[in-house]
Amino acid sequence: MSFADLMAFQRDTEALGHIAGRLGWDQETMMPRGAAGHRAEEAGALEGVLHARRTDLRVGEWLAAAVPADEVQAAHLRHIRRDYTRHSKVPARLAQELARLTSLSQGIWAEARARGEVAHFLPTLQQIVALKREEAAALADGTNAGLYDSLLDDYEPGATAEWIGGVFGRMRPRLVALRERVLGAAAPEPLKGEFPAEQQMRIARDLATAFGYDWTRGRLDLAVHPFSSGSGNDVRITTRVSETDPFNCFYSTIHEVGHAAYEQNIDQSFLFTPLGRGVSMGVHESQSRSYENQLGRSRGFTGWLFGRMQAEGFALNLPDADSFYRAVNRVQPGFIRTEADEVHYNLHIMMRFDLERAMIAGDLQAADLEAAWNDRFMADFGVAVDKPANGMLQDVHWSVGLFGYFPTYSLGNLYAGCLVKALRADLPGLDGDLARGDATAATGWMRERLQRFGGLREPRQTVAHACGFEPDEAPLLDYLDAKFSELYRL
Ligand code: ZN
């Protein structure tokens, strides 16, 4: 009976968690400005209910007594046990302090960023790092060894800093070499012009459809930062529009469809269970990045998009599909991670990974972060940071306590490299399909081989199962070398 009781209890916890997510979606898209305080009260009350359920002593008793009958039940128990253990290890006082501080600190970070004043954010950052170190120590059971790993575990169960550090160490020289060759070659012409929002959104909706977004169980709205929200039969996405840069809207949309399709395509029998959501941030990102980059920025698909933009009546400064493909994939060093091209992106992540690991280890103090950031940026990118908004204040993550999150973006790229390698081997007609704007075979492959399983397997095993081989960095690096050597005629 224990297993059935546990799953019934968990089902309501999952549903309440979905409601908390829906409140967040509403806040970012529809909520009137004056309702922020009202919403904070609602979200806080719901968070209290959720925390009480996640640490409910009956969960511990059910877990101790439950005997799994099969692989699916064992996976359910694994997820619930991990969650219960995690929430029970962190003292309620610390959890509350962190929640309170990180809800305030986002505003302080935004102010500091707007004013260009690092000093305005430093005392807060110092407190956040102190609390995260305390949390990490509680999670690591008092040992000092695995502080960063225990934070990483929240986003990418099973991954360790040692493994990621090794992967990054092997990736860096090849990425740097490729970047040098690309920047030494002639830069392609960028897309220029004015692109009205309404027409961009028409194309964005076509893109979402092309990549398999199920409109009967989702919707598309505008938000400052694009995101996907929800799971199961209510998965909503957002995008943004810049009238001078339609690629921002188009590729944000495809990216979020990758996240959303993962959630929408999970086996319906996993609804309202721990298996009914994407298994980790890295695997999630592997979906959004393979949709956006490997498929969406391919020669075939950009050819279709070029035609679609012409059909929309846009006056394009680029004469043909080839120059359009080159404009979409233009490589340019820049300060901002979220705007980085495929060649530069992972270098941004490696830098954040090293800096945040040093902060959590206690080797780098908040007061020294700006200098460390700027030195490292000069060494890695050859450019001096001109203002904090282009440097250490550019990302929201640390201000809301997300330490250990950044490397999952690069793991997503690494996994995407593996998945698309396997997918291409199975689908020899892929480029022809994409050139017709048809991604059905590719998205169907992802659904059958990975998405439908939800949280059944651990993250790395999820990818290995889909690919048929153990994931590593080689397929991603081979893909980048081949793509950009051809594109830049190196
Ligand atoms: Zn993403």
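In what follows, residues are counted from 1 in the order of the sequence shown. Everything numeric here is computed off the predicted structure, so don't read it as measured data. Counting starts at 1 for both ligands and their atoms, in listed order.
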**Fill in**
Taking the Zn ion (ligand 1) as the apex, H259 NE2 and H255 NE2 span an angle, rounded to 10°, of 100°
**Ring-ring centroid check Y409 Y155, cutoff 6.0 Å** = no
**Asked** Centres of the F406 and F353 rings: under 6.0 Å?
**Response** no
**Request:** Tell me, please, if E285 has any N/O/S atom, main chain or side chain, under 2.8 Å from the Zn ion (ligand 1)?
**Result:** yes
**Message:** Distance check below 2.8 Å: does H284 bring an N, O or S atom to the Zn ion (ligand 1)?
**Reply:** no
**Request:** Establish, for the pair R289 and Y291, whether the NZ or CZ atom is under 6.0 angstrom from the six-membered ring centre and no further than 45 degrees off its axis.
**Result:** no
**Prompt:** Is it true that K421 and D478 have a side-chain N and a carboxylate O under 4.0 angstrom from each other?
**Reply:** no
